[in-house]
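Here's the structure we're looking at; comments come further down.
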Amino acid sequence: MKLKSILNQIIKDTFVKAGIEAKPISVSEASKPEFGDYQFNGAMALSKKLGKTPREIASQIIANIGDTELISKTEIAGPGFINIWLDSKWVASRLDEMRLDDRLLIEKNTTPMTTVVDYSSPNMAKQMHVGHLRSTIIGDTLVRLFDFLGDEVILQNHIGDWGTQFGMLIAYMESSGEDTYSSLGDLEQFYKDAKIKFDSDSDFANTAREYVVRLQSGDDYCLKLWQQFIGVSLTHCEDIYAELGVLLGRNDVRAESSYNECLPAIAKELKAKGIATESDGALCVFVDGSDTPLIVQKGDGGFLYATTDLAAIKYRARELEAQRISYVVDARQSGHFKQLFDVAKRAGFVNKSVILEHVSFGMMLDKSGRPFKTRDGGTVKLANLLDEAVARAKQMIEERGTQKPEDIDEVAHTIGIGAVKYAELSVNRQSNYIFDWNKILSFDGNTSLYLQYAYARIQSILRSHGTKLEGKILLIDELEVRLGVMLLKIEDVLRSASRESMPHYVTSYLYELSTLFMKFYEHNPILKNNVDPKIRDSRLLLADLTAKTIRQGLDILGIKVLDKL
RNA sequence: GCACUCGUAGCUCAGCUGGAUAGAGCACCCGCCUUCUAAGCGGGCGGUCUCAGGUUCGAAUCCUGACGGGUGUACCA
């Protein structure tokens, strides 16, 4: 439920009733429990405009709140804050509705927005490395989030499958003559070997160069080799996707090369519209605020990634009818996207109303704050990173010794992959972040394990109880009320995370929810002997609803829960 | 040089459209398991929110400048 909107509407109504001619600002969550559940801080700002003291305005607002079942108490505090307490009976009955609803009272958008999410986008010439992790994980969460809230989501994996290096790669693949799949088992090595041969063997280099030309002119033989190469490389990516449990599949691939045919028309159209002009022999679009232009066509007639991106954005807006296009790409390309969006709108490839956003993110750094590399300075392959995560998780649970031997591998996988994903998602995506194994695989603090532990603890209580849950939720203790209100906030959190493409809003919420539950649990016994049956039933229901909310939140993050830890 | 971005506790990070005494986790110190998972909970220590101005009743948040870090800067993607 959209709790904040409901409260905002109440405040808005009081403005009308009181004849206050101003637009109220939004209520905000109370900064402290003593200040209630929500607070309205708009009275101070209106003081000058209305010629009244903030406290006068505040009391005018309060006087007009009238009879509403969801607010139990209001007060004017300090200079003119209005503190608002929700009625615990009202909260309790909403929670009773929530636990009977699969969607936890989270509404589905009545008018779905067609949203394209462009993410992962690995280069087919190389193995996936840690640089692809953030895009893949953040993008996947956005897809799940948008979809859950009811938007029409279209996944786009804009794989890099075109460029001069493929001439060399297919020539080398041909000459190595081995079984293609196994020889491409380590793409990184394959690329290096090809490069060595290219640099040392002039006949091979000539063949490679010839293959680039033949490839670009549509030669059947080279195209066949190239398709074979891309096919194998893509399968490697799919292995990683399966390991990570992300949604991307072969149907979501819309490769760079698929836009090749449209590129001349894009350049022509930009030129015809007078948007692109020639400069130093290249066809360029100059954009206000950038001193370097977006180059649409090279001096030699070739096209660049900017042209491909323009073709792609046009395809997404026109063919896919996207109303929102999100590019989950690292922050270094912010300049490029600024130009791209400007040109796309100016050229009319995309309507003005379409939301174009660069969901940018920072770099992954190691513990000492340097770019995350292997000991010898190479890029860390994603496959190795994920293997290490699972291996470390396995070691931990073996030491703990609470899992059955046959379950260990699966549990280790859930924990290890979950920890890596959560680490990516829980920090503000815009800044660089430090990747530290000890931190991400910890049970303390804002980690996936802490949430999984909270969930597992609740499952354990439910198992001990055994029988079906009964009764109603009663909110008596202060911690119960706070937990209850927190549970009702989930939709507001998901909505703002979706609006701003900020997955860490969700992780922060889940962490706060889990810590609140832990406190509640420590202070309010559930199954102990002296607990009144009605209260016991209520607390069981509250625990169960908390678990469901954690599970739903983690599901949107693409992280699995465990019944036992 | 120019552009973008960041600067919050010893470390890693939250802090939403400006609001009350700036919050977590780690580390360090102290307490809590005969009973629901102690991978937990409670308490303590720790801050000139880089600095200087400005706007405002009110600034970590907005604006300007300085300093410091990162990134990008014409035919690679």
Side-chain angles (χ1 to χ4, degrees), chain A residues 25-26 28-32 34-35 39 41-42 44-45 47-48 53-54 77-81 83 121 123 125 160 162-165 256 279-284 289-300 302-306 308-309 330-336 338 360 362-363 365 367 369 396-397 400 402 426-428 430-434 436 438-439 442-447 449-450 452-454 456-465 492-493 496-497 499-500 502 504-505 507-508 511-512 515 518-519 521-523 525-531 536 539-540 543 564-565:
Chain A
I25 61 163
S26 174
S28 50
E29 279 149 62
S31 52
K32 285 176 188 195
E34 308 93 272
F35 300 148
Q39 54 183 242
N41 304 328
M44 280 88 79
S47 173
K48 198 170 273 179
T53 67
F81 297 101
N83 294 336
S121 308
N123 187 328
W162 201 248
T164 51
Q165 75 265 47
E256 278 182 351
S279 169
D280 284 347
L283 190 62
C284 300
S290 310
D291 35 356
T292 57
L294 191 76
I295 299 178
V296 176
Q297 192 168 17
K298 296 196 281 185
D300 67 4
F303 298 102
L304 298 107
Y305 74 114
T308 310
D309 281 347
D330 78 89
R332 285 177 298 194
Q333 297 202 38
S334 63
H336 169 67
K338 219 170 167 182
S360 72
M363 286 191 302
L365 307 174
K367 217 173 155 182
M396 283 171 56
I397 54 180
R400 189 157 198 240
T402 52
S426 58
V427 290
N428 186 334
Q430 303 193 79
S431 47
N432 293 340
Y433 88 108
I434 310 266
D436 176 3
N438 292 330
K439 192 186 164 194
S442 164
F443 295 79
D444 301 313
N446 187 9
T447 63
L449 268 174
Y450 182 85
Q452 285 167 330
Y453 177 59
R457 249 181 137 172
I458 295 171
Q459 298 314 309
S460 170
I461 298 163
L462 298 175
R463 273 196 303 274
S464 305
H465 175 64
D492 285 337
V493 172
S496 56
R499 194 171 49 245
E500 297 177 48
M502 286 292 205
H504 84 281
Y505 291 176
T507 60
S508 295
Y511 178 57
E512 215 178 318
T515 52
M518 291 285 197
K519 282 178 197 169
Y521 167 89
E522 296 283 343
H523 296 285
I526 299 176
L527 296 180
K528 297 191 180 178
N529 295 331
N530 52 353
V531 181
R536 184 200 58 209
R539 289 178 180 167
L540 280 165
K564 196 179 166 198
L565 255 177

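Letters A, B, ... are given to chains in the order of the sequence lines, protein chains preceding strands, and every chain is numbered from 1.
Taking only distance into account, the side chain of A/T515 never meets the base of B/A24 through a donor-acceptor pair shorter than 3.5 Å.
B/C41 and B/G31 make up a base pair, with Watson-Crick or G-U wobble contacts both under 3.5 Å. Base pairing of B/G46 is not made with any nucleotide, judged by Watson-Crick or G-U wobble geometry with both donor-acceptor distances under 3.5 Å. Partner assigned to B/U64 is B/A52, using Watson-Crick or G-U wobble distances below 3.5 angstrom. Pair check for B/C2 finds B/G72; Watson-Crick or G-U wobble, both atom distances under 3.5 Å. When both distances must be under 3.5 Å, the Watson-Crick or G-U wobble mate of B/G25 is B/C11.
Centre separation under 5.5 Å together with a plane angle under 30° does not hold for the ring of A/F81 and the six-membered base ring of B/G19, so they are not marked as stacked. Under the stacking criterion of a centre-to-centre distance below 5.5 angstrom and an interplanar angle below 30°, A/Y521 sits stacked against the six-membered ring of B/C36. In this structure, the aromatic ring of A/Y511 is not positioned over the six-membered ring of the base of B/A24 within 5.5 Å between centres and 30° between planes.
Counting any heavy atom pair closer than 4.0 Å across all strands shown, A/N83 reaches a base atom. Heavy atoms of A/A45 sit under 4.0 angstrom from at least one base atom. In this structure, A/H523 reaches the sugar-phosphate backbone alone: every heavy-atom distance under 4.0 Å involves primed, P, OP1 or OP2 atoms, never a base. Using a 4.0 Å heavy-atom cutoff across all strands shown, A/I526 reaches at least one base atom of the nucleic acid. The residue A/Q333 sits close to a base: some heavy atom pair falls under 4.0 Å. Nucleic acid contact for A/G299: base, since at least one base atom lies under 4.0 Å from a heavy atom of the residue. Using a 4.0 Å heavy-atom distance criterion, A/N41 is classed as a base contact. In this structure, A/D280 reaches the bases: a heavy-atom distance under 4.0 Å links it to at least one base atom across the strands shown. Note on A/A306: nothing from the nucleic acid sits closer than 4.0 angstrom, heavy atoms only.
Across the P atoms, B/U21 and B/C67 are found 34 Å apart, a figure rounded to whole Å. Across the C1' atoms, B/C41 and B/U8 are found 27 Å apart, a figure rounded to whole Å. When the P atom is compared between B/C4 and B/G10, the two are found 31 Å apart, to the nearest whole Å. The gap from the P atom of B/G23 to that of B/G43 amounts to 14 Å, rounded to the nearest Å. Annotation: B/G54 and B/G47 have their P atoms spaced 27 Å apart (nearest Å). The same atom, P, is picked in B/G44 and in B/U12; the two are 25 Å apart, to the nearest Å. B/A24 and B/U71 have their P atoms separated by 34 Å, with the value rounded to a whole Å. A gap of 39 Å separates the C1' atoms of B/A20 and B/C33, to the nearest Å.
In this entry the distance linking CG of A/L294 with C1' of B/G72 reads 15 Å, nearest Å. A/M363 places its CE atom 19 Å from the P atom of B/C4, with the value rounded to the nearest Å. Distance, A/L365 CG to B/C6 C1': 12 Å, rounded to whole Å. In this structure, the CD1 atom of A/I25 is 9 Å from the C1' atom of B/G18, given to the nearest Å. One atom, NZ of A/K564, and another, C1' of B/C36, lie 15 Å apart when rounded to the nearest Å.
OP1 or OP2 of B/G42 has at least one side-chain nitrogen or oxygen of A/K519 nearer than 4.0 Å. Neither OP1 nor OP2 of B/C36 sits under 4.0 Å from any side-chain N or O of A/S464. Taking only side-chain nitrogens and oxygens, A/H504 comes nearer than 4.0 Å to OP1 or OP2 of B/G15. For A/K298 and B/C76, the shortest distance from a side-chain N or O to OP1 or OP2 is below 4.0 Å. Contact annotation: A/Y450 reaches the phosphate of B/C41 (side-chain N/O to OP1 or OP2, under 4.0 Å).
Separating the CG atom in A/L565 from the CD atom in A/Q459 is a distance of 11.0 Å, to the nearest 0.5 Å.
Among the nucleotides B/U56, B/U71, B/U37, the one closest to any side-chain atom of A/K48 is B/U56. Of the candidate nucleotides B/A74, B/U71, B/A14, B/A74 has the atom nearest to the side chain of A/C284.
Between A/P525 and A/R539 the shortest side-chain heavy-atom distance falls below 4.5 Å. Residues A/W162 and A/T308 form no side-chain contact, since every pair of their non-hydrogen atoms from C-beta on lies 4.5 Å or further apart.
When all heavy atoms are compared, the tightest approach of A/I461 to A/I526 is CD1-CD1, 4.2 Å. Annotation for A/M502 and A/N428: closest pair CE-OD1, 3.8 Å, computed over non-hydrogen atoms. Residues A/A306 and A/I295 share a closest heavy-atom pair of CB-O, 3.6 Å.
Annotated as anti: B/C49, whose glycosidic dihedral deviates from 0 by more than 90°.
Between the side chain of A/N432 and the main chain of A/M363, a donor-acceptor pair closer than 3.5 Å is present. Side chain of A/S464 to backbone of A/S460: a donor-acceptor contact under 3.5 angstrom is found.
Across the interface with RNA chain B, nearest-nucleotide mapping of A/S31 and A/S496 shows A/S496 to be the residue nearer the 5′ end.
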